[in-house]
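Bear in mind the structure is a predicted one, so any value in this text is a computation, not a measurement. The figures here come from the full heavy-atom set of this structure, side chains too, leaving out hydrogens, waters and symmetry mates.
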Amino acid sequence: MSIAFEIFIWLIVDTGLSFLFYSTGWLLLKVVTFGLYKSEFKDFVSYKASKARRVDLTFLLGFGFYVALIAVMAYLTH
């Protein structure tokens with residue numbers, strides 16, 4: 001495969017994973033605060049266009065959730 005094609009594939013994977021982390025973080029905030037979190041869910045196009053601080057923190061919360069989930073699974077299977 002050409003290098004350009006591989007870069008394109010990794011950009012698609014990166015975009016998909018970052019949106020997955022953002023949506024997980026947003027859902028966690030809604031569940032933990034019992035719906036009191038007042039940020040609206042951004043669709044995929046708005047997510048990529050937005051570089052707001054709240055989006056980044058929501059992304060980090062979702063990423064941290066998956067890291068914690070993997071750590072718990074590793075601990076339980078060890």
Side-chain angles (χ1 to χ4, degrees):
M1 285 192 226
S2 70
I3 292 174
F5 183 70
E6 288 184 26
I7 290 173
F8 177 73
I9 294 297
W10 280 110
L11 285 175
I12 297 296
V13 168
D14 175 53
T15 303
L17 284 177
S18 65
F19 185 70
L20 174 72
F21 294 152
Y22 163 73
S23 58
T24 302
W26 183 86
L27 183 65
L28 283 172
L29 282 174
K30 280 292 192 182
V31 169
V32 169
T33 63
F34 300 110
L36 296 177
Y37 181 65
K38 296 295 181 195
S39 177
E40 65 180 56
F41 184 73
K42 297 184 184 318
D43 62 349
F44 185 71
V45 175
S46 299
Y47 168 74
K48 287 310 290 177
S50 175
K51 296 296 180 193
R53 186 168 186 226
R54 267 193 176 163
V55 171
D56 292 338
L57 292 176
T58 308
F59 167 83
L60 288 175
L61 178 65
F63 181 74
F65 171 76
Y66 285 111
V67 168
L69 185 66
I70 291 170
V72 166
M73 290 174 61
Y75 176 75
L76 292 176
T77 59
H78 189 265

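The side-chain hydrogen bond (donor to acceptor under 3.5 Å, both in side chains) check on Ser23 picks up nothing, with sequence neighbours excluded. With sequence neighbours excluded, the residues satisfying side chain to side chain contact (heavy atoms under 4.5 Å, CB included) with Ile7 are Ile3, Leu11. Partners of Phe19 under the side chain to side chain contact (heavy atoms under 4.5 Å, CB included) rule, at least two apart in sequence or in another chain, are Tyr22, Phe41, Phe44, Tyr47. Here Phe63 pairs with Phe21 under the ring pair (Phe, Tyr, Trp, His ring centres under 6.0 Å) rule; sequence neighbours left out. For Thr77, there are no side chain to side chain contact (heavy atoms under 4.5 Å, CB included) partners two or more places apart in sequence or in a different chain.
Think of Tyr75 as one node in a network of Ile, Leu, Val, Met, Phe, Trp and Tyr side chains linked at under 4.5 Å; its network also takes in Val72, Leu76.
Going from atom CG of Leu20 over to atom CZ of Phe59 covers 9.5 Å, rounded to the nearest 0.5 Å. For the atom pair CG (Leu17) and CH2 (Trp10), the distance works out to 8.5 Å, reported to the nearest 0.5 Å. Note that CE of Met73 and CD1 of Ile70 are 7.5 Å apart. Values are rounded to the nearest 0.5 Å. Of the inter-residue distances, the one linking Thr58 atom OG1 with Leu27 atom CG reads 11.5 Å to the nearest 0.5 angstrom.
Within 6.0 Å of OH in Tyr66 there are more than 12 heavy atoms belonging to other residues, nucleotides or ligands.
Cluster annotation: Trp26 is not connected to Phe34 through the hydrophobic network of ILVMFWY side chains, with a link wherever side-chain heavy atoms come within less than 4.5 Å. Residues Leu36 and Val31 do not share a hydrophobic cluster, clusters being chains of Ile/Leu/Val/Met/Phe/Trp/Tyr side chains in contact below 4.5 Å. Under a hydrophobic-cluster definition in which Ile, Leu, Val, Met, Phe, Trp and Tyr are linked whenever side-chain heavy atoms come within less than 4.5 Å, directly or via other members, Val32 and Leu61 are assigned to different clusters.
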